Each structure stands twice: as structure tokens, then as C-alpha cells.
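Encoded as C-alpha cells, the structure appears first; notes follow it.
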Amino acid sequence: MASIKKTRIAVLPGDGIGPEVTEQAVKVLDAVSERFGTHFEYCYAEVGAVAIDHTGSPLPDATLEACLHADAVLFGAIGHPKYDNDPDAKVRPEQGLLKLRKELGLFANIRPVTTYEKLLHLSPLRPEKIKGVDVVIFRELTGGIYFGEKGTTADGRTAYDTCTYTVEEIERIARLAFEQARRRRNKLTLVDKANVMETSRLWRRSLRELASEYPDVELDFMFVDNAAMQLIQYPGQFDVILTENLFGDVLSDEASVLTGSMGLLPSASIGVHTSLFEPIHGSYPQAAGQDIANPMAAILSAAMLVEALGMQEAATAIRFSVQHILEKGIGTQELQPAIVYSCSQIGDLAAHLVADPREEILVKTDKISQGISTII
Ligand code: IPM
Ligand code: MN
């Protein structure tokens, strides 16, 4: 078992339900320490609306420092309704995340969309369409229209956002996507708008060239409008999807609801400096502080975190704990499970299962369904 001496994790709980779901992921990481003998050292820092309230900045320097000095960043969520409908707001929580992406060089956002047998009925698609779907989206995260030149003319009547990409930006994420495809089902789909956009044509040319280095991976191309449709009609056709920043923003949200359980989807943003791991569900302010949010996406983000640090066995243990909880019919309310658990109860149970996956413990969870829980 690979054991890392001391691993520094910057924990950025952020806004809304961010703090409560992150707390559960930390419990699980502590359980990883207990079982695998690693030592995680946490450094908590503020980001988003909460950071604006306290410091005026959505990404205070101290937070950025903490991230730059960490081996990994565990991120909760950002966003607050008071900023959402105000186009004139000078500072926004989202700016904190965008700055963090740029500063840490988080160029590849990886979102696996996994289906769970027990939850197929929650999908907006018919079960036979969604069954077995297992897609990973690679979204370019530090280029394109998000970060290109933008502005508004002096008269305020014209505005522009520019989309720019370099071959280097395309190739570094494409290599990650090809390698991932190799570890999976050897299929890579580049989603673009090459019938209209010059940058998309550069993506295609770059990918075609790289493809010769990955002859075992089947590469195909799809226009983004078609991809949006195909994701709904035949999601099972996709293995790894690679796309630029803005298309990836839209398609990854679309893909995330296919499984019917957005509360289960983690993500990794792989960086030049330190990589960042976050649930994709956002801050969900309506549920904040009520201990009802689903912490599974945050817990599975912790699995991606330990995996990125080379702790494959710990990652498998974490994923197994979530799988096991679901199979027992346990979940937070939005999953409409047989047994409703709170956010913190799910965290406690997952941590127990990670720390000690012995048969007796697994069996004991059966008693939960009879109202007898010896674990929690
Ligand atoms: C995401 C979010 C961000 C984005 C926002 C919060 C800036 O929607 O992570 O997908 O658009 O990238
Ligand atoms: Mn988004």
C-alpha cells in the first residue's frame, strides 16, 4: 500500500451547503488516515460569498496561499442568491473560483457521470437508456471565451467576449483525455463547433495529430448541438468526451442530471500546481444549515483526491462505502431512499465503512433498516 507521510489539504468549504458536505468528506479522509496510516493536515480557508462578507474579496490572498502550499484542495461550493440577479455587482463569488482556476492553472476539469443501479428510476430518461451509462467529461477550464479579451464599448451598446485557444492549451488536456480513454473503453469524442468556429478547427487539427500517438483509442468528432441531443438520446454511446470551456460548462451540467442524482457527482480540476476536487452540485442555498444535503458528491470528490495522490486502494474504499450505503437503501431525502439519513449521518456511516469494512460492520448496516443502528 502506498503511504504518503504528511499530506497537506487546503479545505475551502465556501458557501451554502459547502461547509456541511465538506465536513463529511473530511470525516471520510480521517477514516482513510485511520485505515491506511496516512496523515492529512488540513488548512481551512475562505472563498466565495462568505469571503466577500469577511474580507471584501471572493478569493483572499491567504486562501490562494493556502492552496498553493497544499498537495490538494478540497472545495465545497460557492454562490449566494444575493449576487445572482445583480448584473452590476462589482464583486461576485464566482470570481473567486475563476481566479483560483487561473492561479492554480486548473486546466482540466474532469467530471465522471456514473449511474447507480438503485437510482436508475430517478433519471429523467427511461431506465433502459440510462442503465450502464459511464461517461467522463474532460472540460478545458482555463482558456476559451471565459478568459479571452472582453469588454463593452464606451456607449454601452456593444459588448464582446473573445474565444482564444493555443495548440499547447489543447494538447495538454487532450493528452489527459486520451490517457483516460486508454484506461477505460478506448473511445474519445471531441465535441466542438468546427463548422463555424476557427478555434474548433484548431482543436480538430490538434487532436488529429495527437491521435497517431494513441492508435488504440478511437477518436471521433461531434458538433456541440448534436452532442447536446445525443447525450439525451443515446448517452450510452459515449466513453470520454473532450471539449472546450464553454461547451463543457453546458454539456457537463446536462450530463449531470442524466443519472437523476446530481448529489452524487464529483469532479476533479487538474492543475499545473495543485489540483482541486469539488462536488458539482453548487451551493444550494435553500438547504444550507439544515443537514439535509447529500454529501456523497463531496465524499466521492475526496475519492478522486486520494486517487490523484496515488492512493488507489483508499479511493476504492471510499467508492465502495457510497455504493454500499446506496445498496442498503440508505440516502438523503432527495434520493427518495427506503431509509432517509441526514447529511452528517451519511458522513458518519461512510467514514465507518472506510475505516473498517469488515463483514460484521457491513452486516450491521442491515439493522439500520429495522431501526437498530449500532454504528451511528
Ligand atoms: C462551473 C460553474 C462555473 C463556471 C461558474 C460558477 C463560474 O458553473 O463550475 O461549471 O461557469 O465554470
Ligand atoms: Mn457550470
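Computed from a predicted model, the values in this text were never measured in an experiment. First listed ligand is number 1; within each ligand, the first listed atom is number 1.
The aromatic rings of Trp203 and Tyr165 stand perpendicular to each other, their planes meeting at an angle above 60°, with 30° marking the opposite boundary. Between His324 and Phe320, the angle of the ring planes stays under 30°, which puts this pair in the parallel group of the 30/60° scheme.
At the top of the distance list for atom 11 (O) of ligand 1, counting protein heavy atoms only, stands Tyr146 OH, 2.5 Å.
Remark: ligand 1 atoms within the under-4.0 Å shell around heavy atoms of Arg111 are 10 (O). Of all atoms in ligand 1, numbered sequentially from 1 with element shown, those under 4.0 Å from a heavy atom of Asp249 are 1 (C), 4 (C), 8 (O), 10 (O), 11 (O). Each of the following atoms of ligand 1 lies closer than 4.0 Å to a heavy atom of Glu94: 6 (C), 7 (C).
Scanning both residues, Lys129 and Gln233, for their nearest heavy atoms gives NZ-O, 2.9 Å.
With a 6.0 Å cutoff to the six-membered ring centre and a 45° limit on the axis angle, Arg139 counts as a cation-pi contact of Tyr146.
For the Mn ion (ligand 2), the count of nearby protein N, O or S atoms, meaning those under 2.8 Å away, is 1.
Side-chain N/O atoms of Asn294 and Tyr284 include no donor and acceptor closer than 3.5 Å. A donor-acceptor pair shorter than 3.5 Å can be found between the side chains of Ser344 and Asp291.
Comparing Glu278, Arg92, Arg139, Arg101 against atom 9 (O) of ligand 1, the shortest heavy-atom distance belongs to Arg101.
Under 4.0 Å is where a charged nitrogen must lie from a carboxylate oxygen, and between Arg182 and Glu179 no such pair does.
To the nearest 0.5 Å, atoms OG (Ser200) and CZ (Phe221) are separated by 11.5 Å.
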